[in-house]
Amino acid sequence: QTLRTLFAMRQLLPEWTPQWGVLLAWPDAHTDWADHLADAETCYLDILAALLDHEHVLLVCRNAHTREHIHAQVAARGIDAQRLQVVIADYNDTWARDFGPIAIRNGELTQLLDYTFTGWGGKFAADKDNALNQQLPWQLPLETHALVLEGGAIDTDGHGNLLTTRHCLRNPNRNPDLSEAELTEQLKQQLGVKDIWWLDHGELEGDDTDAHVDTLARFVDEKTLAYVQCQDTGDSHYPGLAAMEQELQSLADQHDLTLVPLALPSAQYCREGERLPATYANFLITNEKILVPIYGCDTDQQALNALQSVSGPRTVVAVNCRVLIEQHGSLHCVTMQLPQGAL
């Protein structure tokens, strides 16, 4: 009963909660970016430029040599580095959204939760990524959980509702010993959510995450959901995304939400001819902006306009993330917002 009372004070923080800044991990030759390193670095510098003019960045890199290289690149781009904090630690790859800490409010306190990261159900080595949060210089308490959970798998309206997909959270490669009821109870207790809105449809080709919700549907504010819409009946994504659209419409009717469709980007392929998981839903909300990934597609401007129409006081800023989808993620996947007081 006491434990239940303690957990009842918790609240998963929505992305628009005032931020200290954003966590990033630098792409280098020891990550999967080795074949695309110059383009990946350019993309990361674009992200830094879009962030550092108004909030902090905690940037993890592997060694002192790389740290010097980063500072030189930032200076060469004319980016103000006053809000940049570079720390040295080891990691497997750069998907900060999925190994970074998840922020909650616990009564009057803000707290960081460190979940178990297994490389999306054991697909990739993730031991160093999983250990990273324990090595970073947090000023807020860090609470460790055995539950396997990635930041990209969940989204919230900040009022106790959690949006997620069954294909990810109920995947036997994540928490196979838990029933849905047991998983739901743990999420409710640890994250302080009251209701879980499960989506049963929608997944992008080339997505390693088993349908992370941040590739499909996202809260822009407490009453607005932006989602990927496919209108081409000949596209392989059409059946799943059309079914997801119906699920979201039902949620919108029930909870008085505004839905904002984001076009599925024109099909993008890697050199080997496999389709890549391009999505505009992988945007990042910061204190003053909404950073939106674009891919050099004819659908880019349409998505920017759609998000601008619901961005409120925030400025919508495009970041070319074409290189990021080569490794099956995008802008939201490489960033994790950090609450005020984090550092």
Side-chain angles (χ1 to χ4, degrees), residues 13-28 31 33 37 39-103 110 112 114 128-129 132-140 142 151-152 214 282-293 314-321 323-324 327 329-343:
L13 296 179
E15 198 155 307
W16 51 85
T17 303
Q19 297 170 11
W20 172 85
V22 173
L23 172 68
L24 288 164
W26 187 256
D28 63 25
T31 65
W33 297 109
L37 204 47
D39 288 342
E41 285 196 353
T42 297
C43 180
Y44 269 67
L45 288 165
D46 290 344
I47 295 169
L48 288 175
L51 290 171
L52 288 169
D53 65 351
H54 70 292
E55 55 185 274
H56 295 87
V57 172
L58 175 63
L59 179 58
V60 185
C61 72
R62 212 177 296 273
N63 52 46
H65 174 75
T66 307
R67 183 170 59 189
E68 285 167 26
H69 170 70
I70 291 166
H71 281 299
Q73 295 275 75
V74 166
R77 279 281 294 266
I79 300 168
D80 185 350
Q82 282 187 115
R83 296 188 183 92
L84 178 62
Q85 187 168 334
V86 184
V87 295
I88 294 172
D90 206 0
Y91 47 96
N92 302 97
D93 216 333
T94 61
W95 306 106
R97 174 65 42 184
D98 293 339
F99 57 70
I102 293 171
T110 305
L112 303 175
D114 181 21
K128 295 170 185 172
D129 290 343
L132 185 62
N133 286 330
Q134 299 294 329
Q135 299 169 57
L136 298 178
W138 308 119
Q139 295 298 304
L140 293 172
L142 185 71
D214 76 346
N282 213 240
F283 56 83
L284 173 71
I285 300 172
T286 73
N287 288 333
E288 295 178 10
K289 301 179 183 181
I290 299 181
L291 305 190
V292 183
R314 289 182 170 82
T315 309
V316 168
V317 176
V319 180
N320 192 321
C321 293
V323 66
L324 296 186
Q327 289 302 325
S330 197
L331 199 155
H332 198 249
C333 302
V334 299
T335 56
M336 175 53 96
Q337 73 280 354
L338 301 170
Q340 285 184 349
L343 285 98

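Just the heavy atoms: all of them, side chains too, but no hydrogens, waters or symmetry mates, feed the values below.
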**Q** Determine whether Pro14 and Ile285 make a side-chain contact, defined as any pair of heavy atoms from C-beta on separated by less than 4.5 Å.
**A**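 They are not in side-chain contact.
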
**Q** Between Asp90 (side chain) and Lys128 (backbone), is there a donor-acceptor pair under 3.5 Å?
**A**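 Checked: no pair found.
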
**Q** Name all residues meeting the salt bridge (charged side-chain N to carboxylate O under 4.0 Å, His left out) criterion together with Asp46; count only those two or more places apart in sequence or in a different chain, and write none if there are none.
**A**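 If we apply the salt bridge (charged side-chain N to carboxylate O under 4.0 Å, His left out) test to Asp46, skipping adjacent residues, the hits are Arg77.
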
**Q** If I compare all heavy atoms of Trp138 with all of Asn133, which pair ends up nearest, and what's the gap?
**A**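 What the structure gives for the nearest pair is NE1-O, 2.9 Å.
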
**Q** If you apply the rule side-chain contact (heavy atoms from CB on, under 4.5 Å), what do you find for Ile79 with Leu84, and how did you get there?
**A** CA-CA 10 Å; Ile79 300 168; Leu84 178 62; over 6 Å; no

**Q** My understanding is that only residues two or more places apart in sequence, or in another chain, count here; which of them pass side-chain hydrogen bond (donor to acceptor under 3.5 Å, both in side chains) with Glu15?
**A**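 Once residues adjacent in sequence are excluded, the partners of Glu15 under the side-chain hydrogen bond (donor to acceptor under 3.5 Å, both in side chains) criterion are Arg218, His332.
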
**Q** Atom CG of Leu291 and atom SG of Cys321: how far apart are they, to the nearest 0.5 Å?
**A**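 Reported to 0.5 Å precision, the distance equals 8.5 Å.
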
**Q** Name all residues meeting the salt bridge (charged side-chain N to carboxylate O under 4.0 Å, His left out) criterion together with Arg83; count only those two or more places apart in sequence or in a different chain, and write none if there are none.
**A**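 Arg83 satisfies salt bridge (charged side-chain N to carboxylate O under 4.0 Å, His left out) with no other residue.
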
**Q** Please report the shortest heavy-atom distance between Asp93 and Phe99, naming the atom on each side.
**A**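 Shortest heavy-atom contact: O-CE2, 3.5 Å.
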
**Q** Scan residues 334-343 for pairs that pass side chain to side chain donor-acceptor pair (under 3.5 Å), counting only residues two or more places apart or in two chains.
**A**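 Qualifying pairs: Arg97-Gln337.
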
**Q** Mind checking what makes side-chain hydrogen bond (donor to acceptor under 3.5 Å, both in side chains) contact with Asp28, not counting sequence neighbours?
**A**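 Here the qualifying residues are Arg62.
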
**Q** Apply side-chain contact (heavy atoms from CB on, under 4.5 Å) to the pair Gln19 and Thr286, showing each step before the final yes or no.
**A** CA-CA 7 Å; Gln19 297 170 11; Thr286 73; 4.0 Å; yes

**Q** Is the side chain of Glu55 donor-acceptor paired with the backbone N or O of Asn287 at a distance under 3.5 Å, no angle test?
**A**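 Here the side-chain-to-backbone pair exists.
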
**Q** Checking side-chain contact (heavy atoms from CB on, under 4.5 Å) for the pair Leu331/Val292: CA distance, chi angles, key distance, verdict?
**A** CA-CA 7 Å; Leu331 199 155; Val292 183; over 6 Å; no

**Q** What's the separation between atom CG in Leu338 and atom CG in Leu136, rounded to the nearest 0.5 Å?
**A**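 Atom-to-atom, Leu338:CG and Leu136:CG are 9.0 Å apart.
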
**Q** Using side-chain hydrogen bond (donor to acceptor under 3.5 Å, both in side chains) as the criterion, list what pairs up with Asp98, not counting sequence neighbours.
**A**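 Expected list: Trp120.
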
**Q** Search all heavy atoms of Ser330 against all heavy atoms of Trp95 and return the closest pair with its distance.
**A**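 Between these two residues, the closest heavy atoms are N-CZ3, 4.1 Å.
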
**Q** Apply side chain to side chain donor-acceptor pair (under 3.5 Å) to the pair Thr94 and Trp33, showing each step before the final yes or no.
**A** CA-CA 9 Å; Thr94 61; Trp33 297 109; 2.9 Å; yes

**Q** With sequence neighbours left out, write down each residue that passes salt bridge (charged side-chain N to carboxylate O under 4.0 Å, His left out) with Asp53, or none if nothing qualifies.
**A**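 Only Lys289 meet the salt bridge (charged side-chain N to carboxylate O under 4.0 Å, His left out) criterion with Asp53.
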
**Q** Check Ala89 against Val60 and note the closest heavy-atom contact, atom names and distance.
**A**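 Taking every non-hydrogen atom into account, CB-CG1, 3.9 Å.
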
**Q** Taking Trp26 for the side chain and Tyr44 for the main chain, is one N or O donor matched with an acceptor at less than 3.5 Å?
**A**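 Judged by distance alone, no pair lies under 3.5 Å.
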
**Q** Going by side-chain contact (heavy atoms from CB on, under 4.5 Å), name the residues that satisfy it together with Pro339, two or more places apart in sequence or in a different chain.
**A**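 With neighbours one apart ignored, the set is Leu13, Ala103, Thr110, Leu112, Leu140, Ala342.
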
**Q** Could you tell me the separation between the CG atom of Leu284 and the CG atom of Leu51, rounded to the nearest 0.5 Å?
**A**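 One finds 6.5 Å between CG of Leu284 and CG of Leu51.
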
**Q** Would a distance-only check, ignoring hydrogens and angles, find a side-chain to backbone donor-acceptor pair under 3.5 Å from Asn282 to Asp214?
**A**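 Yes.
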
**Q** Please confirm whether the backbone N or O of Leu142 pairs with a side-chain atom of Asp114, one donor and one acceptor, at under 3.5 Å?
**A**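 Pair absent, no side-chain N/O of Asp114 close to backbone of Leu142.
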
**Q** I need the minimum non-hydrogen distance between Leu24 and Val334, along with the two atoms involved.
**A**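 The pair with the smallest heavy-atom distance is CD2-O, 3.2 Å.
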
**Q** Which residues pass the side-chain hydrogen bond (donor to acceptor under 3.5 Å, both in side chains) test with Asp80, not counting sequence neighbours?
**A**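 Applying side-chain hydrogen bond (donor to acceptor under 3.5 Å, both in side chains) to Asp80 gives Gln82.
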
**Q** Would you please test Val316 and Phe283 for side-chain contact (heavy atoms from CB on, under 4.5 Å) and show each step?
**A** CA-CA 10 Å; Val316 168; Phe283 56 83; over 6 Å; no

**Q** Does the side chain of Cys333 reach to within under 4.5 Å of the side chain of Leu324, using non-hydrogen atoms?
**A**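 No - every pair of side-chain heavy atoms lies 4.5 Å or more apart.
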
**Q** Report the residues that fulfil side-chain contact (heavy atoms from CB on, under 4.5 Å) with Asp39, sequence neighbours left out, ordered by chain and then residue number.
**A**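 Per chain and number, Asp39 pairs via side-chain contact (heavy atoms from CB on, under 4.5 Å) with Val323.
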
**Q** Which residues satisfy the salt bridge (charged side-chain N to carboxylate O under 4.0 Å, His left out) test with Arg67, sequence neighbours excluded?
**A**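 Partners of Arg67 under the salt bridge (charged side-chain N to carboxylate O under 4.0 Å, His left out) test: none.
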
**Q** From Leu59 CG over to Thr66 OG1, what is the distance, rounded to the nearest 0.5 angstrom?
**A**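 Reported value, rounded in 0.5 Å steps: 10.0 Å.
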
**Q** Would you list the pairs meeting ring-ring contact (aromatic ring centres under 6.0 Å, His included) in which at least one residue belongs to residues 47-83, sequence neighbours left out?
**A**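 The answer is Trp20-His56.
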
**Q** Where is the tightest heavy-atom contact between Leu23 and Gly100, given as atom of each residue plus distance?
**A**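 Heavy atoms of Leu23 and Gly100 come nearest at CD2-CA, 3.9 Å.
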
